[in-house]
Amino acid sequence: MVRQGEALLISFFILAVLVCVTGLLSGGALHLALTSVATLIATWIVFRAGSKILPTSICFRIVVCVYGSQSLAQLLLALTGATTCHVGGWGMNLADHSDILALGQLSLLAGTLLAAVAWGAIAGRRHSRSVDLTQRPSAQARFVLVIALLLNISQPILKLALPDSSGWVLSVFTENLEASAFFVGWFAGDLGALANRAVLVALALNCIAGGLLGTRYPIVLLGLYLVGRLVSPRERHRRPLIAVSIAAAVPVLFFFSIVGDVRVARGRGSLDLLEPSRWSDFAEAVSVSHSDYQAKGTNPIGNTLSRLYAWPNAASIILTPDTVPYRGFAQWTAECRSYLQIGTWSSEARQRFFESGIGTGHASDYGFMNVPGDTSEFGVLADGWSTAGPVGVLVLGAFVMLALCMSEYLVLSGMHLSDTAKLIFLCILIKGCIQCYVYPAPMVIRYVVLYTGFWAACLKVVDALSDDRQGAKRHHMRHAMARTAQATSRQRGDRLPDPG
């Protein structure tokens, strides 16, 4: 007999096939929407199957959700009709390439599931000491998570105020703690009313400061916090939270869509932008951007969704190899040598670092990053397809997933860390999971090796020092109790009657 869970997976697989067949009979945006739905169903199937193979792996779930978010963004673009790229890709239209885009996404999911099967065969049956997120964390863990979030919120401003070398050190310890927002949201029901209000105020002020500085980064933190609360089984006020999130969606989407125009007018990344004397030109830039949208008839929602979608990943699938030839595994291997460089503590070192071919530079091969100072994505999907098509996507997707699973297992199950240290390590590891749609495979693997190794060592040292302090406290307490018992015994002995 087929169990209920397996029957559900088979049913959804059949549904995905039927949706794809229906999409083949249609065309344009409808075809794109249906193939996007099919890849979302495939994402759910991979999520469920992989969760059975690796029941304690948090990384696998996060990576699959990150990949699925791009299928969801593509579906929303198809529904709003915003399927033409205006920032690169030479005006490509997603609706004209629905099938090949679905093939790329399915290849990525297949590589991810293949890695889960391989790693499950190696370590799936061994004892796991991963974090149990269904349990109430200790007071120390809750305090550390809130502090980590506040440090991550404040680091962009502190980095601007500090010298370059000090700012680099600060970023090493605080820049990769974004996922603390997710865990603070997940455990919001255990933090207490005062701590939750403080976190919300900090996130709101961070969004205001981010708007003035011309960055969308604070919206990401707010989104991670809300997602953490919405999906947490410990959330007690889910319905009011959903209502508030829906009500706040319109102003947040408007902010997200215009912040790029505002920073073009005002600049970005300078503490001068936070001065009260500059607030008026911020309001003026917002007004001008809003007027331009109305004059051009631009849909702010479609513009926002376009910014949530990784266009270079799609461009690499659509334009390779007809417009841009495959790089091949030989060139990919040769480029990996650049990722062995270590040391970006100064702006000059970072410039040399990126000029050597590190990061998302290949996005320029597809018409992106053609404006000085511009940034773009070039994720594992784009890296794999530009290397060897669907085979490259499958292989590199599997490599990245294996690296994340190995790091998660070796640290969380192979090292004796406190639950607080494990939560902080998960924050670092989740950053690597999120990077999978932004950076190429060697960049993600480099992050996993360097940062997770560095943080595992730091957390182990902190745990050891904490154990020493706790041991010293227990030692002093035992001695104090022994002295008290001796003094009490002597007093009782003094009160005994004289036997004569």
Side-chain angles (χ1 to χ4, degrees), residues 47 56-69 130-135 137 140-156 170-191 195-196 199-200 202-203 206-207 210 215-235 308 379 400-401 403-405 407-409 411-412 417-439 443-444 447-448 450-456 458-459 462:
F47 183 91
T56 61
S57 177
I58 296 174
C59 279
F60 177 83
R61 292 170 171 83
I62 296 294
V63 168
V64 174
C65 289
V66 168
Y67 292 154
S69 68
S130 186
V131 182
D132 187 359
L133 297 179
T134 62
Q135 299 297 318
Q140 181 191 44
R142 299 195 300 270
F143 175 78
V144 169
L145 283 175
V146 172
I147 294 300
L149 175 58
L150 295 178
L151 286 173
N152 186 256
I153 286 174
S154 60
Q155 69 88 17
L170 175 70
S171 66
V172 168
F173 284 98
T174 61
E175 190 176 30
N176 299 306
L177 293 171
E178 292 103 322
S180 60
F182 175 83
F183 288 117
V184 169
W186 181 277
F187 295 116
D190 302 311
L191 294 179
N196 277 318
V199 167
L200 287 172
L203 289 171
N206 189 40
C207 288
T215 175
R216 300 184 182 92
Y217 174 74
I219 299 296
V220 175
L221 285 181
L222 180 61
L224 286 172
Y225 172 79
L226 291 175
V227 169
R229 291 197 64 169
L230 288 171
V231 301
S232 173
R234 310 178 65 81
E235 179 59 42
L308 293 175
V400 168
M401 192 70 255
L404 289 166
C405 287
S407 178
E408 180 183 31
Y409 179 83
V411 175
L412 296 184
L417 294 176
S418 65
D419 287 343
T420 303
K422 288 181 179 180
L423 283 172
I424 294 300
F425 180 78
L426 275 178
C427 292
I428 305 301
L429 203 55
I430 289 175
K431 173 66 176 288
C433 298
I434 297 174
Q435 286 182 346
C436 288
Y437 94 96
V438 180
Y439 293 114
M443 191 76 168
V444 178
Y447 172 89
V448 170
L450 290 181
Y451 277 91
T452 60
F454 169 77
W455 274 94
C458 290
L459 292 170
V462 171

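Only heavy atoms go into these numbers, but all of them, side chains included; no hydrogens, no water, no symmetry mates.
Of all the heavy atoms in Thr56 and Glu408, the pair that sits closest is O-OE2, 4.1 Å. Here the closest heavy-atom approach between residue Phe173 and residue Leu177 is recorded as O-CD1, 3.5 Å. Shown here for Ala181 and Leu221, the closest heavy-atom pair between the two residues is CB-O, 3.6 Å. In terms of heavy atoms, Leu404 sits closest to Cys59 at O-SG, 4.1 Å. Considering every non-hydrogen atom in both Ser180 and Leu149, the closest pair reads OG-CA, 3.3 Å.
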Task: Derivation and outcome, side chain to side chain contact (heavy atoms under 4.5 Å, CB included), residues Ser407 and Phe425 - done: CA-CA 10 Å; Ser407 178; Phe425 180 78; 3.7 Å; yes

Task: Residue pair Asn176, Cys427: steps toward the side chain to side chain contact (heavy atoms under 4.5 Å, CB included) verdict - done: CA-CA 7 Å; Asn176 299 306; Cys427 292; over 6 Å; no

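Between Asn152 atom CG and Leu224 atom CG the span is 9.5 Å, to the nearest 0.5 Å. Between Leu203 atom CG and Leu222 atom CG the span is 6.0 Å, to the nearest 0.5 Å. Of the inter-residue distances, the one linking Asp419 atom CG with Ile424 atom CD1 reads 12.0 Å to the nearest 0.5 angstrom. Annotation: the span from Ser154 atom OG to Leu170 atom CG amounts to 7.0 Å, rounded to 0.5 Å.
No donor-acceptor pair closer than 3.5 Å links the side chain of Tyr409 to the backbone N or O of Ser57. Checking side-chain atoms of Asn206 against main-chain N and O of Pro218 turns up no donor-acceptor pair under 3.5 Å.
Gln435 meets the side-chain hydrogen bond (donor to acceptor under 3.5 Å, both in side chains) test with no other residue; sequence neighbours excluded. Take Ser418 and apply the side-chain hydrogen bond (donor to acceptor under 3.5 Å, both in side chains) test, not counting sequence neighbours, and it matches Asp463. A search for side chain to side chain contact (heavy atoms under 4.5 Å, CB included) contacts involving Pro156 returns Tyr217, not counting sequence neighbours. Under the ring pair (Phe, Tyr, Trp, His ring centres under 6.0 Å) criterion, Phe47 pairs with no residue, sequence neighbours left out. When the salt bridge (Lys or Arg N to Asp or Glu O under 4.0 Å) test is applied to Glu178, the partners found at least two apart in sequence or on another chain are Lys431. Remark: Val438 engages Glu377 in a side chain to side chain contact (heavy atoms under 4.5 Å, CB included) (not counting sequence neighbours). Not a single side-chain hydrogen bond (donor to acceptor under 3.5 Å, both in side chains) links Ser232 to another residue, sequence neighbours left out. Listed by chain and number, the residues in a side chain to side chain contact (heavy atoms under 4.5 Å, CB included) with Leu133 are Ile58, Val131, Phe183, Trp186, Phe187, Leu423 (sequence neighbours excluded). Annotation: side chain to side chain contact (heavy atoms under 4.5 Å, CB included) contacts of Phe143 (sequence neighbours excluded): Ile147. In terms of the ring pair (Phe, Tyr, Trp, His ring centres under 6.0 Å) criterion, Tyr225 has no residue partners (sequence neighbours excluded).
Looking only at side-chain heavy atoms (C-beta outward), Val400 and Tyr439 stay at 4.5 Å or farther from each other. Counting heavy atoms from C-beta outward, Leu145 and Arg142 have side chains that stay 4.5 Å or more apart. Proximity of Pro137 to Asp190: side-chain heavy atoms (C-beta onward) are separated by under 4.5 Å at one or more points.
Residue Val411 is tested with Leu459, Leu426, Leu429, Leu417 for a side-chain contact (heavy atoms from CB on, under 4.5 Å); the sole match is Leu417.
Every pair passing salt bridge (charged side-chain N to carboxylate O under 4.0 Å, His left out) that includes a residue from residues 217-231 is listed here, sequence neighbours excluded: Arg229-Glu235.
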